[in-house]
Undergrad: 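Once you've had a glance at the structure underneath, I'll fire off some questions.
By convention here, the first residue in the shown sequence is residue 1. Worth saying up front: this structure is predicted, and the values here are computed from it rather than measured.
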Amino acid sequence: MKKNKLLILSAILVVFCIACEREKEFDPTLLHGKWKQNTLFEVYKSDGTGYTWDEADDVTEEEAQPFEWSLNKDKLEHIHIMEMGGRIPKNYKVTELNSTTLQYEDTYDRSYNFTKMQ
C-alpha cells in the first residue's frame with residue numbers, strides 16, 4: 001500500500017513539474033519598437049533586425065550595436081553583429097511581453113525589465 005501511494009505521489013509530482021516547465025508563447029509583433037531599462041535601450045524592427053546601446057557606457061543611438069532577433073514561444077535570441085564581421089548569439093527567456101512591458105532573463109538568471117517608449 002505504501003508503495004502505491006509513493007508511486008501515485010511521484011506521478012503527480014512529475015505531471016506538475018512538466019506543467020510548470022511549459023513554454024509560454026508570446027506574440028513577436030509586440031516587440032516592435034523602442035524599449036528602455038534605465039540607460040539601456042533596445043530597438044526591435046519588424047524585419048528581424050534591431051540595435052542596442054547603453055548611455056551609461058557613453059554610447060549613443062547612432063553608435064548602437066546592431067543585432068538580428070527572433071522570438072519562438074518564450075525563447076528570444078539576439079545575434080549581435082560585430083564591426084569586424086563576427087556574430088555573437090545571446091539567448092534569453094521571455095517572462096512577460098505586452099504592449100508596454102518586456103521582461104526576460106539570460107542564462108545566468110540576470111533579469112531585464114524594459115518599458116516601451118514608442
Undergrad: Any donor-acceptor pair under 3.5 Å linking the side chain of D106 with the backbone of D109?
TA: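 Yes.
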
Undergrad: Can you list the other members of the hydrophobic cluster that holds I88, where links are side-chain heavy atoms under 4.5 angstrom apart?
TA: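 M82, all in the cluster of I88.
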
Undergrad: Taking C-beta and beyond as the side chain, do V94 and K73 meet within less than 4.5 Å on heavy atoms?
TA: no

Undergrad: Looking at every non-hydrogen atom in both residues, tell me the closest pair between K34 and V43 and how far apart they are.
TA: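 That would be CG-CG2, 3.9 Å.
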
Undergrad: Could you measure the distance from the CG atom of L76 to the OG1 atom of T95? Nearest 0.5 Å is fine.
TA: 11.0 Å

Undergrad: Under 3.5 Å, side chain of K116 to main-chain N/O of L102, donor-acceptor pair present?
TA: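 Flag not set: sc K116 to bb L102 has no pair under 3.5 Å.
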
Undergrad: Quick one, D27 with L97, criterion side chain to side chain contact (heavy atoms under 4.5 Å, CB included). Give me CA distance, side-chain angles, the key distance, then yes/no.
TA: CA-CA 8 Å; D27 180 359; L97 176 59; 5.9 Å; no

Undergrad: For F26 and D74: C-alpha separation, side-chain torsions, deciding distance, then whether side chain to side chain contact (heavy atoms under 4.5 Å, CB included) applies.
TA: CA-CA 6 Å; F26 295 99; D74 64 352; 3.8 Å; yes

Undergrad: Is there a donor-acceptor pair under 3.5 Å between the side chain of Q65 and the backbone N or O of I81?
TA: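 Answer holds: yes.
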
Undergrad: Do the side chains of E25 and K75 get close enough for a salt bridge, i.e. N-O under 4.0 angstrom?
TA: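 No salt bridge links E25 with K75.
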
Undergrad: Closer than 3.5 angstrom, by distance alone: can the side chain of W69 be matched with the main-chain N or O of T49 as a donor-acceptor pair?
TA: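 Checking the backbone N and O of T49 against the side chain of W69, a donor-acceptor pair under 3.5 Å is found.
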
Undergrad: Verify the neighbour count for atom CD of E63: are there more than 12 heavy atoms of other residues, nucleotides or ligands below 6.0 Å?
TA: yes

Undergrad: Strictly under 6.0 Å, is that where the ring centroids of Y51 and F41 end up?
TA: no

Undergrad: Restricting to non-hydrogen atoms, name the atom on S111 and the atom on E105 that form the minimum distance, rounded to 0.1 Å.
TA: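 It is OG-CG, 3.7 Å.
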
Undergrad: Are E96 and K24 packed together at the side-chain level, in the sense that at least one heavy-atom pair is separated by less than 4.5 angstrom?
TA: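 Sidechains of K24 and E96: no contact.
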
Undergrad: With rounding to the nearest 0.5 Å, note down the distance linking OG1 in T52 to NZ in K90.
TA: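 If we round to the nearest 0.5 Å, T52:OG1 and K90:NZ are 8.5 Å apart.
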
Undergrad: Would you compute the distance between atom CG of N113 and atom NZ of K36 and round it to the nearest 0.5 angstrom?
TA: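 So the CG of N113 and the NZ of K36 are separated by 13.0 Å.
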
Undergrad: Kindly determine whether D54 and V59 satisfy side chain to side chain contact (heavy atoms under 4.5 Å, CB included), including the steps that lead there.
TA: CA-CA 6 Å; D54 192 339; V59 177; 5.7 Å; no

Undergrad: Distance check, rounded to the nearest 0.5 Å: R87 atom CZ versus E68 atom CD?
TA: 4.0 Å

Undergrad: Find the distance between CG (N38) and CZ (F114) and round it off to the nearest 0.5 Å.
TA: 9.5 Å

Undergrad: Could you go through I79 and E77, starting from their C-alpha distance and side-chain angles, then the distance that decides it, and tell me whether this counts as side chain to side chain contact (heavy atoms under 4.5 Å, CB included)?
TA: CA-CA 7 Å; I79 300 175; E77 181 178 48; 4.0 Å; yes

Undergrad: Would you confirm whether the ring centroid of H78 sits within less than 6.0 angstrom of the ring centroid of Y44?
TA: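 Between Y44 and H78, the centre distance is under 6.0 Å.
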
Undergrad: Going by salt bridge (Lys or Arg N to Asp or Glu O under 4.0 Å), name the residues that satisfy it together with R110, two or more places apart in sequence or in a different chain.
TA: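 Here no residue qualifies.
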
